[in-house]
Structure formats: C-alpha cells, structure tokens
2 protein chains.
Amino acid sequence: MSIVLLARDLGLSISTVSRALNGYEDVSADTKQRVLKRAREIGYRPNPGARRLKSGKTSLVGVILPAAADGVKFVDSVASSLLGGVEVELENGGYALIATMQTRNDHEREAALYENFIKGGWVDALLLVRTRVTDARVELVRKAHIPFVTYGRTETPEPYAWVDTDNEKAFYLATLRQIEFGHRRIALLNGPLEYNFVRLREKGYSRALARQRIAPDRLLMLNGDLSEVSGYALCRSLLVSAIPPSAIVCATDAMAIGAIAACRERGIEVGKEISIVGYGNSSASAFSDPPLTTIDHAVFDNGRHIGQSLLRLIRGEVKPGDIHYLEPVVLVPRKSDCPRR
Amino acid sequence: MSIVLLARDLGLSISTVSRALNGYEDVSADTKQRVLKRAREIGYRPNPGARRLKSGKTSLVGVILPAAADGVKFVDSVASSLLGGVEVELENGGYALIATMQTRNDHEREAALYENFIKGGWVDALLLVRTRVTDARVELVRKAHIPFVTYGRTETPEPYAWVDTDNEKAFYLATLRQIEFGHRRIALLNGPLEYNFVRLREKGYSRALARQRIAPDRLLMLNGDLSEVSGYALCRSLLVSAIPPSAIVCATDAMAIGAIAACRERGIEVGKEISIVGYGNSSASAFSDPPLTTIDHAVFDNGRHIGQSLLRLIRGEVKPGDIHYLEPVVLVPRKSDCPRR
DNA sequence: TAGGCGAGCAAAAACGTTTTTGTCAATGAG
DNA sequence: CTCATTGACAAAAACGTTTTTGCTCGCCTA
C-alpha cells in the first residue's frame with residue numbers, strides 16, 4: 001500500500017501522486033517537485049507486480065539461451081559478451097534482462113518454452129540467439145506480436161529485426177588470406193550446419209575459393225561442434241588423409257586451438273608447415289603456440305545494438321523490418337598462418 | 001480476465017476454480033479434475049503479474065553478475081556453468097533466474113543495485129557470486145529478510161547459506177604435488193585479494209608449504225586479475241627475477257596458459273624445466289602445449305546445489321545456517337608439471 | 001428432533017498501481 | 001452577469017489473481 005502512504009503523507013490523492021510520478025502534464029510543476037522529492041526521501045518504489053498487472057508491461061526482456069555443446073554451460077563465451085552489451089543498453093531504458101536456459105534441444109520442447117514465455121506474459125520483448133537456417137522460433141514469436149530482435153539472420157520472407165556479424169565477409173577474408181599465401185588445399189572446420197552463421201561462413205569460404213578459381217573440395221569442409229575437442233578430432237582426420245590440406249580456416253578459436261594441438265601431436269609445425277586461422281579473437285587466442293591469427297568481431301557492440309533496437313521496438317519508434325545491422329569484422333594477424341611451403 | 005472466463009465456462013465460481021487449480025483440499029476430486037482438464041484445453045495460464053501482486057511472490061530468483069575483468073563479459077566461464085546448474089534445478093521448482101549485470105564496480109552503486117532489486121520486489125530470493133572476504137552484500141541482503149545463497153564464503157559471524165568449492169584443499173593439493181616433485185621455490189599466481197576464494201587459495205598454498213617446512217616467500221605470491229594477460233605478465237616478472245621459481249601454481253587455467261606463453265617466450269620448457277599447475281579444468285586446458293595439469297571442480301554441480309538450496313530456503317524447509325556445502329576437488333594430472341631438475 | 005459438523009462451493013475483499021472520468025474554482029469572453 | 005473554458009486535483013474503476021470468510025446442504029449424534 002505504498003503509493004497510498006505517500007499520497008497520505010503529502011495530503012494528495014493517489015491519482016495525483018501517480019500522475020506526478022509519471023510526469024503527466026495535468027499536475028502543476030510545483031506539486032510534481034514536491035511529490036518527487038518526498039518519494040525519494042521516503043524511498044518509494046512502485047510495486048512492479050501492480051504496475052505490471054495494470055499496464056500489462058513487465059519491464060523485462062527475455063532471452064532463452066541454448067545449452068552449449070557440453071550441455072552444461074549457461075552461455076557460451078560469445079553470448080556472454082553479447083548479453084553484457086544488451087544489458088548495458090537495456091538498463092538505460094529501465095528494462096532488465098531475464099535469461100532462461102533451454103536445457104534440452106528437441107524442437108517441441110523449444111516451442112513450448114517460447115509459447116510459455118510469451119503467452120504467460122513474462123516479458124515485453126524477446127531476444128533470439130543462435131538462429132538456424134530455417135528457424136521456427138521467428139515465426140512463432142512474430143505471430144505472438146511481441147517485439148523481438150534476432151542475433152543472426154535466418155531464412156524467412158517476413159521482415160524481422162536482426163543484428164549480425166558479417167560472418168560471410170569474415171570467412172571470405174580469412175580464406176582469401178590463405179589463398180594469397182599460395183595455399184590451394186584449404187580446409188574449413190565449421191560448426192553444425194543447422195545454424196545460419198555456419199552456412200554464411202561456408203559461403204564466404206566458398207566465395208573466396210571461387211574468386212580465385214579454386215575448385216571446392218567437399219572433403220575439406222568438415223563440421224564439428226565448435227569446441228577444442230572437435231577441432232582436434234577434425235584436424236586429426238585431415239592430417240592422416242591422403243592429401244592433407246596446407247591451410248585450415250576454423251569456425252572458432254577453440255577449434256583452432258584444438259587443431260593446433262592435433263598438428264603438434266603429429267609433429268607438424270603450425271605457422272611454418274601449416275597455416276591456421278581462427279575466429280573470434282578470444283582472450284586465449286593471443287597466448288596459444290603459435291599465437292593465433294584470428295578474426296575480431298565486436299560482440300559487445302552487437303549486444304549494445306540489440307539492446308537499443310529492442311528498446312526502440314518496444315516504444316514503437318521503429319518497424320522490425322527497419323532494423324538490420326551488420327557488424328564489420330577485422331582480421332588480426334598473428335603467427336599461426338604462413339605462406340605455403 | 002482469464003480465470004473468470006474459465007470459471008464462467010465451467011459454471012463455477014472464480015474462487016473454486018482458483019482453489020482447484022492450486023490443489024486445495026476443499027474442492028472435490030471430481031471438480032478438480034474437470035477444472036484442470038478444461039484449463040489445459042482452453043490454454044489457461046495464470047497472469048504472473050496478478051499472482052505476483054496478490055501473493056507477493058515473483059517466481060524469480062535474482063543474480064547480479066559482476067562485470068568480468070575486461071568489463072565486457074556478462075559472466076565469466078565459471079559463473080556460466082554455475083548458472084546452468086542453478087537454472088536446471090530452479091526450473092523444477094517453477095522458478096526462473098533473472099540475471100542482471102553490475103556494470104560498474106564501485107561499492108555505492110553496488111549497494112543501490114541490490115537495494116533496488118530487493119526493495120523493488122523483483123525477486124523472491126538472491127544468489128550472490130564472487131564473495132569478498134568482507135562482503136557488505138550479505139549483511140545487506142540478510143537485513144532484507146530475503147532468502148539467499150552465496151557461491152563462496154565470506155567472513156561474517158551471522159549464519160548464512162553458502163555453497164563453495166574447496167579452494168583451500170585444491171591449492172593445498174596442487175602445492176603439495178609441486179613439493180613432492182622436489183620443488184622448493186614455488187610461486188603462486190593468484191587473483192585479487194579482496195575475493196574470499198583468493199584468500200583460501202593462498203591459505204591452501206601456505207599450508208602445504210608449512211607442512212613441509214618451507215619458508216613462504218612473499219615475493220613468490222603474486223596477484224593479478226585471473227586472465228591470460230595477467231598470467232603472462234606476472235610469470236614474466238618472475239622469470240626475470242634473481243632466483244626464478246622452479247614451479248608455479250595458478251589461480252586459473254587462463255593464468256596458467258598466459259604463464260606458459262611467458263615461459264615459451266624465454267625459451268623455458270614447461271613440463272621439463274619448470275612445473276606449472278592450473279585450476280578449473282577448462283576446455284582449453286587439455287589442448288595447451290603442454291597440456292595443463294589442473295584441478296577439476298564440479299561447477300555445474302555446485303550450481304545444482306545452489307538451485308536446490310534456494311528452493312528449500314524459499315519454501316522455508318530449512319534455515320540458512322543449515323546450508324553449507326563444500327564441493328570436493330580433484331587434481332587432473334597432465335604434462336605441464338614435472339620434477340625439479 | 002434439535003444441534004453440531006464437515007464437505008463443497010461462492011462471495012467479496014484485497015494486493016498497488018494506472019487511467020478514465022469527474023469536480024471545482026478561477027479565468028476569460030460575450 | 002452569465003456561461004464556457006481551463007488548470008489542478010480527486011474519485012473510482014479496473015487489471016487478474018489469492019484468500020478469508022460465509023453459506024448451504026446433508027449427515028451424524030445425543
């Protein structure tokens with residue numbers, strides 16, 4: 001009964017206090033001041049439950065994090081930076097981020113989870129991460145008429161708001177670099193094909209090869225789960241093949257570090273005999289042996305973009321179809337890549 | 001007006017429907033069945049705002065994540081696994097986790113943030129991570145009479161619920177191992193001293209030295225920020241000193257990887273000429289060169305423990321002082337440590 | 001047969017806001 | 001002088017639940 005106490009204290013009606021607090025025009029500047037001052041003194045905070053019930057607004061943005069590869073991590077390190085950026089912006093708009101984990105990956109349960117999140121009235125807006133090539137979630141959320149932004153694109157004809165890093169460009173650049181080093185047999189250690197960013201990376205890779213008239217070799221395009229273990233295993237299989245590649249482009253720094261370990265195991269010197277490029281510019285990448293040439297993309301800034309977009313969408317300042325932001329990438333050269341022998 | 005619709009549809013009163021839905025005893029088994037069935041058919045979901053307003057319960061557990069060392073990451077990788085475990089358990093109890101980031105680290109802002117979280121009625125319970133040696137937060141939250149669990153202990157006379165990994169034991173074991181390898185000058189690359197786990201690690205380290213009657217050397221106990229960069233810098237400073245250590249124990253795998261890089265730079269072979277042990281058993285630790293001997297602690301399980309404890313605390317099944325759980329650790333030997341030359 | 005009791009349901013208040021619709025006095029126009 | 005207008009505030013309804021209290025009926029007991 002907090003606002004009534006405040007009202008009583010001030011000798012005003014509840015409605016006037018409420019309108020003063022919310023900055024309406026039909027309350028005198030004088031009263032407004034007085035109310036604001038007293039509210040601060042008394043430490044008044046509007047009850048979120050009541051506000052929510054009345055106005056239907058939750059002041060919450062939801063995100064459902066897919067379980068990481070090991071089924072254990074709440075967020076992978078990318079989502080980690082991303083959410084940091086989102087949170088920072090949301091905070092300015094009076095919104096908070098509510099994160100839930102998708103513990104299982106089957107699609108029915110996923111739909112139910114989103115359904116519950118939306119229909120249950122838990123959030124005002126949604127953030128979708130790890131978009132798939134065809135992603136049932138965006139249709140689902142679109143139909144619910146709730147604002148949302150995806151991190152990563154997806155193949156749908158309908159307009160929707162997305163923020164993404166330029167995955168294609170990144171792998172185009174990385175592959176081109178390898179080609180310019182004289183490499184012709186360049187492997188791609190990629191992630192699960194269902195994800196859109198994986199397709200885009202493949203596309204960038206292929207486009208670079210095509211540009212230099214190098215016939216793509218399906219046997220050099222491998223898919224794993226983005227982890228060190230997977231990078232290690234995949235690289236190992238490449239090294240024992242009939243004609244091993246002289247260069248590798250990896251979907252994550254973790255994979256690259258796994259790949260480096262595989263090379264070391266077979267006595268192949270990375271950055272001399274084989275050329276490896278990673279992706280992500282993780283903190284570990286600078287300290288591997290050799291230090292990893294990788295691609296930096298500003299995940300945190302992406303998060304900020306998403307946060308801002310979410311806010312503008314919620315406020316109705318902009319249409320979903322007008323929010324498209326592609327974050328540029330930059331290659332950071334270190335020692336793991338080298339000219340062909 | 002959802003429950004009234006359901007009530008009307010069933011020809012029952014609102015109260016009966018509500019009581020049926022909530023499993024009260026004074027509604028016949030028959031009616032209960034009928035209500036439950038129809039509710040499912042109709043897709044009825046109680047409005048969380050209304051429920052919250054009336055009952056004062058939010059179905060939300062809050063956690064305020066400290067910004068990581070780089071000021072950018074939403075959660076460090078440890079918190080990441082931890083929250084996964086928490087979430088999994090909470091889900092069973094009908095609770096969700098709401099995560100907010102502490103973007104700045106000054107203490108006034110911190111207090112305000114917690115104050116707002118609690119007094120604002122955003123959550124039913126709180127999870128405190130990264131406990132400090134003396135941590136104003138636990139006093140703050142205790143006074144607010146809201147259930148909470150800390151991950152990591154703190155120095156306070158009052159009883160409170162904590163879950164922790166056995167940091168002291170871990171560093172006792174790691175250090176002892178180095179001693180048994182014949183090392184006498186063993187460095188400790190630790191984190192910021194304000195954190196309780198940092199003190200405990202120091203304590204474990206010191207205890208092992210004391211046990212073998214080795215005089216501790218303050219110059220060998222260094223503090224950084226747990227990152228690769230910091231591990232690199234600290235190790236570098238050790239190596240150029242008058243009498244460099246023959247062994248190093250690191251507070252994180254990341255630091256250890258940085259330390260390895262520093263050794264490599266100076267042509268010192270890790271696992272032959274110098275013995276290094278990490279902590280955390282991160283996915284990268286198995287793929288460094290040499291593979292890192294490290295300490296595994298089940299962070300995810302800790303998270304599950306926390307989740308369960310939170311639920312029991314909320315339900316009032318247990319007193320805060322009765323929740324103390326110390327997760328054991330296990331050393332996983334790899335190649336980065338070695339006998340003294 | 002009267003009174004008490006329990007089982008099963010209903011009425012109504014309450015939670016703390018926001019918002020719609022008044023009310024009332026002072027002001028200005030005609 | 002009258003009447004409409006406006007500026008500043010108040011009353012009251014509404015949001016969708018939960019919970020306390022009340023009611024009715026049939027049954028058992030004395």
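Proteins come first, then strands; the chains are lettered A, B, ... in the order of their sequence lines, and each starts at number 1.
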What is the distance, to the nearest angstrom, from the [atom1] atom on [X] to the [atom2] atom on [N]?
{"X": "A:Asn47", "N": "D:dG16", "atom1": "CG", "atom2": "C1'", "value": "14 Å"}
{"X": "B:Arg19", "N": "C:dA7", "atom1": "CZ", "atom2": "P", "value": "13 Å"}
{"X": "B:Lys57", "N": "D:dT19", "atom1": "NZ", "atom2": "P", "value": "11 Å"}
{"X": "A:Arg51", "N": "D:dT17", "atom1": "CZ", "atom2": "P", "value": "21 Å"}
{"X": "B:Asp30", "N": "C:dA7", "atom1": "CG", "atom2": "C1'", "value": "14 Å"}
{"X": "A:Asp26", "N": "C:dC24", "atom1": "CG", "atom2": "C1'", "value": "15 Å"}
{"X": "B:Leu6", "N": "D:dG16", "atom1": "CG", "atom2": "P", "value": "14 Å"}
{"X": "B:Ile14", "N": "D:dT20", "atom1": "CD1", "atom2": "C1'", "value": "15 Å"}

Considering only [options], which nucleotide approaches the side chain of [X] most closely?
{"X": "A:Thr16", "options": "D:dC9, C:dT17, D:dT17", "answer": "D:dC9"}
{"X": "A:Lys54", "options": "C:dT20, D:dA14, D:dA11", "answer": "D:dA14"}
{"X": "A:Pro46", "options": "C:dA11, D:dT18, C:dT17", "answer": "C:dT17"}
{"X": "B:Leu53", "options": "C:dT19, C:dC9, D:dG16", "answer": "D:dG16"}
{"X": "B:Ile3", "options": "D:dT18, C:dA10, D:dA12", "answer": "D:dT18"}
{"X": "B:Ser13", "options": "D:dT19, C:dA11, C:dG8", "answer": "C:dA11"}

*Could you check whether A:Ser18 gets within reach of a base, just the sugar-phosphate, or nothing at all, counting any heavy atom under 4.0 Å?*
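Base, at least one base heavy atom under 4.0 Å.
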
*asked:* By the 4.0 Å heavy-atom rule, please label A:Arg52 as base, sugar-phosphate, or nothing.
replied: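 Nothing: the residue A:Arg52, judged by heavy atoms under 4.0 Å, touches no strand.
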
*Checking only heavy atoms, does the side chain of B:Ser15 share a donor-acceptor pair with the base of C:dA11 at less than 3.5 Å?*
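Pair found.
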
*For B:Val17 and for B:Ala50, find the nucleotide of DNA chain C with the closest heavy atom, then tell me which residue's nucleotide is more 5'.*
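Between the two, 5'-proximity favours B:Val17.
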
*asked:* Just N and O in the side chain of B:Tyr24: are any of them under 4.0 Å from OP1 or OP2 of C:dG8?
replied: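 Answer no for this pair, as no side-chain N or O of B:Tyr24 is under 4.0 Å from OP1 or OP2.
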
*OP1 or OP2 of C:dT17 sitting under 4.0 Å from any side-chain N/O of A:Ser55?*
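For C:dT17, OP1/OP2 do not have a side-chain N/O of A:Ser55 under 4.0 Å.
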
*Any cation-pi pair here, B:Arg130 with B:Tyr195, using under 6.0 Å and within 45°?*
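Yes.
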
Have [X] and [Y] got a donor and an acceptor in their side chains that come within less than 3.5 Å?
{"X": "B:Thr156", "Y": "B:Thr154", "value": "no"}
{"X": "B:Asp124", "Y": "B:Thr58", "value": "yes"}
{"X": "A:Arg137", "Y": "A:Tyr114", "value": "yes"}

*Between B:Thr165 and B:Tyr151, is a side chain to side chain contact (heavy atoms under 4.5 Å, CB included) present by the stated rule, with each step listed?*
CA-CA 9 Å; B:Thr165 49; B:Tyr151 178 52; 3.7 Å; yes

